[in-house]
Protein chains: 2
Amino acid sequence: MNELSILERRFPGRRAGLKREILEQALACFNETGIEATTIDSIRARCEASVGAIYHHFGNKEGILGALFFTVLDDQHEFFEHYLDKARSLEAFVSALVISYVDWVVQNPEWARFQFQARASVAKGPHRHALAERNARQLKGLKEKLGAVDTSGVKISAPFELLPSLIIGASENYCRAWLSGRVQTSPSDFREQLAAAAWRSLQG
Amino acid sequence: MNELSILERRFPGRRAGLKREILEQALACFNETGIEATTIDSIRARCEASVGAIYHHFGNKEGILGALFFTVLDDQHEFFEHYLDKARSLEAFVSALVISYVDWVVQNPEWARFQFQARASVAKGPHRHALAERNARQLKGLKEKLGAVDTSGVKISAPFELLPSLIIGASENYCRAWLSGRVQTSPSDFREQLAAAAWRSLQG
DNA sequence: TCTCTAACAGAATAATACTCTGTTTAGTGT
DNA sequence: ACACTAAACAGAGTATTATTCTGTTAGAGA
């Protein structure tokens with residue numbers, strides 16, 4: 001990881017400067033007042049752009065949402081890879097999933113907050129197919145990585161469909177609670193406990 | 001549980017007929033096209049009401065959302081009580097939490113779908129304080145019930161803040177996946193497995 | 001029957017999303 | 001350096017949607 005922000009990595013170049021600025025301010029608006037309540041004009045005002053510029057780059061409000069959401073997915077995916085590629089055993093693999101997720105959320109709280117908010121909208125909106133395809137691809141990628149891992153000596157009785165939920169369900173839930181302020185302690189403080197709990201939950 | 005629908009129980013009486021109808025059609029609209037994309041007029045058209053009636057009962061779109069959301073919370077709470085009051089041991093208590101949650105979702109998929117969608121909006125919108133207060137009250141209620149349970153002979157090492165996530169995180173995640181169509185198998189089929197997994201995840 | 005309040009209707013208005021036409025600006029080739 | 005082109009940008013104008021406002025109707029109680 002270098003020092004560039006997520007946006008600078010995904011939308012590089014000098015000409016995309018305003019585009020990045022729009023996305024950044026849109027993200028802030030969405031997180032501060034909610035997706036439905038933020039108006040195009042409130043975004044426009046914050047980045048001192050024109051509506052023309054916004055619609056030129058993103059087409060409509062859904063377009064802004066989609067650009068932000070898929071930026072999140074891209075960055076998460078890249079981040080997770082680093083952790084997963086080091087895992088040799090099944091337990092290490094599960095642990096890497098949990099810990100990489102927690103680390104990403106703690107390092108990018110604003111983006112994570114947005115992701116939780118926007119998921120439902122994107123899952124309905126015009127990008128739903130793109131999202132479904134991405135999810136499928138990501139699951140397939142996980143399966144492949146899992147195939148390259150040493151699974152001798154361990155027995156998982158839970159059906160495959162249930163595995164993702166058992167592995168990241170608790171962590172996701174806690175991260176959401178933390179981002180919304182319902183709990184105070186950083187998920188980082190519970191990284192290992194969450195990973196261990198996920199592993200125990202798999203033992204049938 | 002009787003045969004009355006959730007709405008008939010929460011908004012009883014003949015005079016509230018249109019009010020119930022508005023809520024029912026609003027729920028359908030929100031689930032079919034998403035909260036942001038459903039217009040007041042699309043709701044109005046489906047229940048053959050007037051905008052006047054809608055605004056008389058709910059004030060604004062947030063009002064409809066809030067009425068539906070707190071109806072969900074009320075119904076869930078009542079439903080959970082029945083399960084929890086029977087639990088005598090800690091393990092039974094954890095199991096009751098998981099199983100009551102799964103059962104409720106499977107019995108009320110449309111309401112559950114809505115709850116997932118609306119949570120973020122309500123958590124920002126004008127009812128956020130009412131929601132926060134409710135969450136706090138519910139947590140307090142859980143603690144009290146927990147106090148009445150036999151905890152001798154079991155050792156939970158996880159910090160209290162983490163418990164809710166460890167207990168229902170996986171189930172919630174799987175239910176969400178099921179409601180969105182990402183997985184096919186009904187959560188009901190995994191009730192016991194989810195409860196057992198939650199219990200194992202607590203053992204430190 | 002009368003009264004009073006909540007329920008309801010729908011035209012009018014306000015707020016917001018989006019379009020369209022033109023202007024500027026950054027690359028690109030000569 | 002200069003012209004050319006496509007993308008970036010501006011903002012007035014239009015369309016859509018949320019909300020208000022002024023009434024009318026219907027039902028419960030005196």
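The chains referred to below are lettered A, B, ... by the order of the sequence lines, with proteins before strands, and numbering in each begins at 1.
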Using chain A heavy atoms and a threshold of under 4.0 Å, write down where along DNA chain D the contacts begin and end, 5' to 3'.
D:dA7 to D:dA12
Applying salt bridge (charged side-chain N to carboxylate O under 4.0 Å, His left out), name anything that partners A:Asp41, two or more places apart in sequence or on another chain.
A:Arg44
Looking only at side chains, do B:Glu36 and A:Ser121 share a donor and an acceptor under 3.5 Å apart?
no
Please list, chain by chain and in numerical order, all residues satisfying salt bridge (charged side-chain N to carboxylate O under 4.0 Å, His left out) with B:Arg134, sequence neighbours excluded.
B:Asp74
Which sits closer to the 5' end of DNA chain D, B:Gly52 or B:Ser42, going by the nucleotide each is nearest to?
B:Ser42
Ignoring hydrogens, what is the shortest heavy-atom contact between A:Ser89 and A:Val149? Give both atom names and the distance.
C-CG1, 3.5 Å
Apply salt bridge (charged side-chain N to carboxylate O under 4.0 Å, His left out) to B:Glu32 and list each qualifying residue two or more places apart in sequence or on a separate chain.
B:Arg46
Any residue meeting side chain to side chain donor-acceptor pair (under 3.5 Å) with B:Arg15, in chain and number order, not counting sequence neighbours
none
Any pair counted as ring pair (Phe, Tyr, Trp, His ring centres under 6.0 Å), so long as it reaches residues 174-204 of chain A, sequence neighbours left out
A:Tyr174-A:Phe190
Test your reading of the model: is there a side-chain donor-acceptor pair from A:Ser100 to the backbone of A:Ala96, 3.5 Å cut-off?
yes
Excluding sequence neighbours, so at least two apart, what forms side chain to side chain donor-acceptor pair (under 3.5 Å) with B:Arg176?
none
Please list, in numerical order, the residues of residues 28-40 of chain B that have a heavy atom closer than 4.0 Å to any atom of DNA chain D.
B:Thr38, B:Thr39, B:Ile40
Under a 3.5 Å distance rule, please check whether A:Lys19 uses its side chain to pair with a backbone N or O of A:Ile54 as donor and acceptor.
no
Could you tell me from which nucleotide to which nucleotide of DNA chain C, 5' to 3', there is an atom under 4.0 Å from chain A heavy atoms?
C:dT16 to C:dG27
Taking atom types as modelled, find out whether A:Gln115 and A:Gln76 have a side-chain donor-acceptor pair closer than 3.5 angstrom.
yes
Residues at least two apart in sequence or cross-chain that pass salt bridge (charged side-chain N to carboxylate O under 4.0 Å, His left out) with B:Arg200, listed by chain then number, are none
Of all heavy-atom pairs linking A:Ser171 and A:Val98, the shortest is OG-CG1, 3.3 Å
May I ask you to decide if A:Thr38's main-chain N or O and A:Ser42's side chain share a donor-acceptor pair within less than 3.5 Å?
no
Relative to the ring of A:Phe114, is the ring of A:Phe30 parallel (under 30°), tilted (30 to 60°) or perpendicular (over 60°)?
parallel
Tell me, which of residues 14-23 of chain A have any heavy atom that sits under 4.0 Å from an atom in DNA chain D?
A:Arg15, A:Leu18
Need the bend value for the helix from C:dT1-D:dA30 to C:dT30-D:dA1: angle between end axes, 5 pairs each end, nearest 10°.
30°
